[in-house]
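Data block below; observations after.
No experiment lies behind these values; they were computed from the predicted model shown.
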Amino acid sequence: MLYPGRPLATAASVTALDLPLPDADALAHSARLTRLIHDQIAANGGAIAFSRFMELALYAPGLGYYSAGASKFGDEGDFVTAPELGPVFAACTAQALAPVLQQIGAQARVLELGGGTGAFAEVALKRLLELDALPDRYAILEPSAQLRERQRERLMQRLTPPLFELVEWLDGPFGDEWDGVVFANEVIDALPTPRFAVRDGEVYEEHVASDGDGFKRELRPADSFLANAVLHVQRGLEQRFADGYRSEVLPQLPYWIQAVSGGLRRGALLFVDYGYARSEFYAPERDDGTLRAYYRHRVHAEPLLWPGLQDLTASVDFTALVEAGVGAGFDLAGYCSQASFLLGNGLDEVLKRIETIADPVEKQRRLNEVKKLTLPSEMGERFQVMGLEKDVAFGVAFMAGDLSHRL
């Protein structure tokens with residue numbers, strides 16, 4: 001039994017969304033990816049799972065949003081991440097990670113997942129040097145060739161040669177046994193996520209089908225893997241999903257955690273992302289999930305629009321994240337808001353240094369950065385931070401405002 005979904009946005013709906021139209025070259029790029037997706041749909045019996053659509057839209061080689069060369073960060077891109085605002089976020093995060101690296105010693109490594117423009121690595125390495133906690137290797141796992149080159153150029157220009165020599169770029173997680181830290185800022189929200197719906201007590205999976213030159217969403221019966229994941233989530237909630245409830249679930253998350261932590265024998269995992277504990281993620285009123293699209297700093301609800309030109313993202317179920325981490329052999333170190341994490345890891349020292357800045361313009365810029373990172377109406381409460389540990393002590397980083405009881 002099929003349930004029809006919404007078609008691709010029309011020109012009128014794009015206008016209603018107040019989105020600027022892409023230029024001709026961008027539309028041509030999107031058209032190439034659109035043809036590829038149509039071919040995949042035809043080869044798979046007329047529809048593909050939404051998670052596969054999202055994977056192609058974001059990561060198709062040379063065409064996907066993250067694997068092509070379009071600008072993504074900053075004023076010219078589609079969104080701004082915490083490290084791109086300035087040095088505060090990375091400096092405080094490095095201070096939180098320094099004790100773990102010091103516990104491990106000279107052989108410690110850092111693996112950063114998705115390096116953005118290289119801004120985080122630049123500030124983190126400089127701060128770790130100040131704290132006498134430099135790792136033996138600092139690896140960036142970056143799927144975008146364009147971003148990898150941008151990171152390399154930035155770090156080569158802004159790091160001293162001894163620091164730059166610590167940095168390497170990987171195509172996958174470390175292949176050997178190692179000790180150290182995995183860090184990921186706004187990475188899990190971009191994992192291709194299945195979408196589910198509950199109809200007449202049964203679990204369905206959202207698919208994408210062709211609709212002329214565009215696409216439409218429709219529901220098909222979920223396989224046992226997805227259905228069991230939805231039932232597992234529902235067992236932990238106070239009430240069953242109402243008929244028609246739609247949302248996202250990541251049944252592949254445990255396998256992803258195992259893959260990125262690889263042969264990590266001793267160390268910590270640190271994740272920063274927007275999301276909720278499970279009871280909040282699947283609140284009855286959030287009955288169409290958390291999926292959204294980002295285009296030119298505008299958030300909208302048309303994920304099938306212009307494949308390859310916009311970011312697709314869903315919030316993180318942090319309860320699922322801790323379940324996956326524990327299943328991979330880690331213990332929960334702590335869970336808190338981004339504001340609490342920064343306050344507990346050196347933000348007071350940062351503010352003291354800001355007060356000494358003589359240039360009033362630069363001083364105000366840094367104060368605005370702190371506000372953006374910490375105010376509840378900005379990133380302070382919407383972003384959450386979770387740490388997982390294995391044979392190290394990492395819990396002190398979460399002592400300010402720990403929310404582990406919510407999980």
Answer yes when Asp273 and Arg382 have at least one side-chain N-carboxylate O distance shorter than 4.0 Å, and no when they do not.
no

Electrostatic pair Arg278-Glu323, nearest N-O below 4.0 angstrom
yes

Using a strict threshold of under 4.0 Å (side-chain N to carboxylate O), is an ion pair present between Lys363 and Glu355?
yes

Pairing of Arg217 and Glu206 as salt bridge, 4.0 angstrom limit:
yes

So, do Tyr282 and Phe241 have ring centers that fall under 6.0 Å from each other?
yes

Is it true that Lys352 and Glu349 have a side-chain N and a carboxylate O under 4.0 angstrom from each other?
no

Validation row: Thr193, Met54 side chains within 4.5 angstrom (heavy atoms):
yes

Within the structure provided, determine whether Val182 and Leu270 are in side-chain contact (heavy-atom separation under 4.5 Å).
no

NZ/NE/NH1/NH2 to OD/OE distance under 4.0 Å, Glu130 and Arg127:
yes

Asp311 and Thr313: side chain donor to acceptor below 3.5 Å:
no

So, are Glu122 and Lys126 salt-bridged, with charged N and O less than 4.0 Å apart?
yes

Arg109/Asp136 salt bridge by N-O under 4.0 Å criterion:
no

Pairwise side-chain contact, Tyr274 with Val316, heavy-atom cut-off 4.5 Å (strictly under)
no

Just wondering, do Ile140 and Glu168 contact through their side chains at under 4.5 Å, heavy atoms?
no

